[in-house]
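Working notes, beginning with the structure itself.
Order of appearance sets the numbers: ligands from 1, and atoms from 1 within every ligand. For reference, positions follow the sequence shown, starting with 1. Note that the structure is a prediction, hence the values are computed from the model and not measured.
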Amino acid sequence: MTTLHPDLAGVIISEEDIQRRVKELANQISTDYVDAERVYLIGILKGAFIFLSDLSRCLTIPNVVDFMAVSSYGKTATSTGAVRVVLDLRDTIENKHVIIVEDIVDTGLTLSYLYKTLKSRNPASLKTCVLAIKDRDSIDVPIDYLGFEIPDVWVVGYGLDYADTHRTLPFVAELKQEVYENK
Ligand code: IMP
């Protein structure tokens, strides 16, 4: 058994479960878009870059990746509530089949903002693919492809970070509350 870093309370999603679920999501997307010329995957930096790279390599349909970055949380585990684009797409998405690929949905503010922003650019279609959603009552954005539902705790690994730490773990783990409360 691997010894966990002392900052971590436990594994929430194992590496095996992530890899299996990413393949399932990719199969589903490949089936749904089989008639599309190509699909545009928009990864949201930084958290979605590992998920996006695994997902895109499992797709059996032509796909193009691009990235956006938004600021919403800064360096703490507390939401500022404000979302703004800090890195935009290179190309237009007008008349293209677009999937937003996001690491995690907590309040849903970030995804909802991105969805509205990209929808206003007139893509042929717009869907969302999210690795994990926290157990919440409601969010006001559709999630078309979802990896996992997880408890409402701060998680790190598989692209997710806390102040840029623990991002490259191959699994998703819970960060001990004392770690972000003491900063
Ligand atoms: P939301 O806008 O509240 O849904 O938060 C979404 C964004 O906050 C994600 O894209 C992440 O960057 C960040 N985030 C929310 N929860 C976590 C977490 O548990 N670990 C790491 N990042 C998180």
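Ligand 1 has no nitrogen or oxygen under 3.5 angstrom from a nitrogen or oxygen of Leu111. Below 3.5 Å of separation, one finds no N or O of Leu160 facing any N or O of ligand 1.
The atoms of ligand 1 that sit less than 4.0 Å from any heavy atom of Lys134 are 16 (N), 17 (C), 18 (C), 19 (O). For ligand 1, the atoms sitting less than 4.0 Å from at least one non-hydrogen atom of Leu109 are 2 (O), 4 (O), numbered in the order shown with element in parentheses. If you number the atoms of ligand 1 from 1 as listed, the ones under 4.0 Å from a heavy atom of Val105 come out as 4 (O). Taking a cut-off of under 4.0 Å to the non-hydrogen atoms of Thr107, the atoms of ligand 1 that pass are 1 (P), 2 (O), 3 (O), 4 (O). For ligand 1, the atoms lying closer than 4.0 Å to a non-hydrogen atom of Val153 are 19 (O). Listed by number with element, the atoms of ligand 1 under 4.0 Å from a non-hydrogen atom of Thr110 are 1 (P), 2 (O), 5 (O), 6 (C), 7 (C). When each atom of ligand 1 is checked for a heavy atom of Asp161 under 4.0 Å away, the hits are 21 (C). Taking every heavy atom of Glu102 and a limit of under 4.0 angstrom, the matching atoms of ligand 1 come to 10 (O).
Between Asp161 and Arg167 there is a salt bridge, since at least one side-chain N of the basic residue sits less than 4.0 Å from a carboxylate O of the acidic one. With respect to the salt-bridge test (charged N to carboxylate O, under 4.0 angstrom), the residues Asp106 and Lys134 qualify.
Counting only heavy atoms from C-beta outward, the side chains of Ser71 and Arg84 approach each other to under 4.5 Å. With contacts defined as side-chain heavy-atom distances shorter than 4.5 Å, the pair Leu118/Leu89 qualifies. The shortest side-chain heavy-atom distance between Cys129 and Ile29 falls under the 4.5 Å cut-off. Residues Leu169 and Leu8 form a side-chain contact, since some pair of their non-hydrogen atoms from C-beta on lies under 4.5 Å apart.
Note on ligand 1: Gly108 sits in its first shell, one or more heavy atoms being nearer than 4.0 Å. Proximity of Val70 to ligand 1 is not established, as no heavy-atom distance is less than 4.0 Å. Lys46 does not count as a contact of ligand 1, since none of its heavy atoms falls under 4.0 Å from the ligand.
Residue contacts with ligand 1 for Asp103 involve side-chain atoms from C-beta outward but no N, CA, C or O (heavy atoms, distance under 4.0 Å). At a 4.0 Å heavy-atom cut-off, ligand 1 does not touch Val83 at all.
Using bins of under 30°, 30° to 60° and over 60° for the plane-to-plane angle, the ring pair Tyr33/Tyr145 lands in the tilted bin.
Under the ring-ring contact (aromatic ring centres under 6.0 Å, His included) criterion, His97 pairs with no residue at all, not counting sequence neighbours.
When Val155, Val156, Ile139 are checked for heavy-atom proximity to atom 19 (O) of ligand 1, Val155 turns out nearest.
Checking Asp140 against Ser112 by side-chain atom types alone, a donor-acceptor pair falls below 3.5 Å.
Other residues, nucleotides and ligands contribute at most 12 non-hydrogen atoms within 6.0 Å of the NZ atom of Lys46.
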